[in-house]
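The next block holds one structure in the form of structure tokens; read it before the comments.
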2 protein chains.
Amino acid sequence: MMEKLNLLELPGHLIRRLQQQSTSVFQERMKAEGFDLTSVQFAVLNTLGKGEGLDQASVAKRIAYDRATIGGVIKRLEQKGLVTRTPDDEDRRAFKLNLTEQGKDQLAALQTVVLALQKDILSELSETEAAMLLELMMKAVKSRG
Amino acid sequence: MMEKLNLLELPGHLIRRLQQQSTSVFQERMKAEGFDLTSVQFAVLNTLGKGEGLDQASVAKRIAYDRATIGGVIKRLEQKGLVTRTPDDEDRRAFKLNLTEQGKDQLAALQTVVLALQKDILSELSETEAAMLLELMMKAVKSRG
DNA sequence: AGTATATAATAAGTATACATACTAAATGTG
DNA sequence: CACATTTAGTATGTATACTTATTATATACT
């Protein structure tokens, strides 16, 4: 008689729970501060913050998403008036992405909020433990970039 | 001039990347072994493995999902012929969930595969490091159960 | 018993997340 | 230049993941 795995102690389950906690904290904090942005949307906004006129594929590569998902995210950011899409003269398949003034303002205002909220995600850990976890996660993530 | 956050070193990003890696490894391995199940579907199957005749809400609570999501997952498991839903005589709102013979077989066959694949998720880490990461993740996850 | 509250499941809506396929355009090679 | 391959973006389809609302049923309380 095969014993069932104790799922709750396996890496896969714990990682998912942590991700769940992470997005949950992000959403609550953002809402509390009066912003209407998901973590993915913020990630894209932040990536566009340097004003390099990246295209969608480049953004996707930088933050490790697939093109299809990022396409949708950018569409929503455009609808919110935070991002503009301009046809790229040098590559007629692509669009150059840039923040609107409103997008820049939001991004600036968000820096403090997002930085602070990151600590809440790991609020159960001490400073040392959190640092250790970050270290291990960075090593564990195969950066296939 | 506000410096943009280096997203790539924040907990939120690393956790998401790890989750991405986790589900990716899970899917590849399952496919390679000839199974057609997602990690969530396996989690539900494994939870039902004890044969307690749990209902959807109980399953959801155990593995920390919301009811709506689990509803869909179970529907798909039912369509695959792995799970049965029987009206609960004691609570006419609920359904008792049980594995079919095929479900039990799959679950048994999956134990080794899933256990093995968990190591691949953290293949960049040494045994000691992986253990440490697990430890920290368990502590970091607020088990609001 | 009658009523307020809580709960199980579903429905509807939004937002990821990714695979696959397709179109248009760019690039590499002979 | 002709042709094969690659790439940018979109479309389609499937599967989470969660919120809010709704319906039916239970439970608690008066």
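Numbered from 1 within each chain, the chains take letters A, B, ... in sequence-line order.
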*Quick one: salt bridge (charged side-chain N to carboxylate O under 4.0 Å, His left out) partners of B:E129, sequence neighbours excluded?*
A:K139
*For A:E52, what residues pass the side chain to side chain donor-acceptor pair (under 3.5 Å) criterion, not counting sequence neighbours?*
A:R62
*Only counting residues at least two apart or in another chain, list the ones meeting salt bridge (charged side-chain N to carboxylate O under 4.0 Å, His left out) with A:E101.*
A:K104
*In residues 28-42 of chain B, what residues come within less than 4.0 Å of DNA chain D, judged by heavy atoms?*
B:T38, B:V40, B:Q41
*Considering residues at least two apart in sequence or located in another chain, which fulfil the salt bridge (charged side-chain N to carboxylate O under 4.0 Å, His left out) criterion with B:R93?*
B:D91
_List the residues meeting salt bridge (charged side-chain N to carboxylate O under 4.0 Å, His left out) with A:R85, not counting sequence neighbours, and say none if there are none._
A:E78
*Using the heavy-atom set of chain A and a strict 4.0 Å cut-off, write down the first and last nucleotide of DNA chain C that makes it in, 5' to 3'.*
C:dA15 to C:dA26
*asked:* If the condition is side chain to side chain contact (heavy atoms under 4.5 Å, CB included), which residues does A:D89 pass it with, not counting sequence neighbours?
replied: none
*Length of the CG-P vector between B:L77 and D:dA15, whole Å*: 10 Å
Please set out all donor-acceptor pairs under 3.5 angstrom arising from side-chain atoms of residues 27-36 of chain A, sequence neighbours excluded.
{"unit_1": "A:E28", "atom_1": "OE2", "unit_2": "A:S24", "atom_2": "OG", "d": "3.3"}
{"unit_1": "A:R29", "atom_1": "NE", "unit_2": "A:D120", "atom_2": "OD2", "d": "2.8"}
{"unit_1": "A:R29", "atom_1": "NH2", "unit_2": "A:D120", "atom_2": "OD2", "d": "2.3"}

_Gap between atoms CG and P, on A:D66 and D:dA8 respectively (whole Å)_ = 14 Å
Polar atoms only, N or O, under 3.5 Å: list the protein pairs with nucleotides 9-13 of chain D and their distances.
{"unit_1": "D:dG9", "atom_1": "OP1", "unit_2": "A:Q56", "atom_2": "N", "d": "3.4"}
{"unit_1": "D:dG9", "atom_1": "OP1", "unit_2": "A:F95", "atom_2": "N", "d": "2.9"}
{"unit_1": "D:dG9", "atom_1": "OP2", "unit_2": "A:Q56", "atom_2": "N", "d": "3.1"}
{"unit_1": "D:dG9", "atom_1": "OP2", "unit_2": "A:A57", "atom_2": "N", "d": "2.7"}
{"unit_1": "D:dG9", "atom_1": "N7", "unit_2": "A:R67", "atom_2": "NH1", "d": "2.8"}
{"unit_1": "D:dT10", "atom_1": "OP1", "unit_2": "A:R85", "atom_2": "NH1", "d": "3.2"}
{"unit_1": "D:dT10", "atom_1": "OP1", "unit_2": "A:R85", "atom_2": "NH2", "d": "2.9"}
{"unit_1": "D:dT10", "atom_1": "OP2", "unit_2": "A:Q56", "atom_2": "OE1", "d": "3.4"}
{"unit_1": "D:dT10", "atom_1": "OP2", "unit_2": "A:Q56", "atom_2": "NE2", "d": "3.2"}

*For B:D91, which contact category applies under a 4.0 Å heavy-atom criterion: base, sugar-phosphate, or nothing?*
sugar-phosphate
*Results of side chain to side chain donor-acceptor pair (under 3.5 Å) for B:D105 - residues two or more places apart only*: none
*Return each pair, listed once, that meets salt bridge (Lys or Arg N to Asp or Glu O under 4.0 Å) where at least one residue sits in residues 64-76 of chain A; pairs must be two or more places apart or across chains.*
none
*asked:* Rounding to an integer number of Å, can you tell me how far A:K61 NZ sits from D:dT7 P?
replied: 7 Å
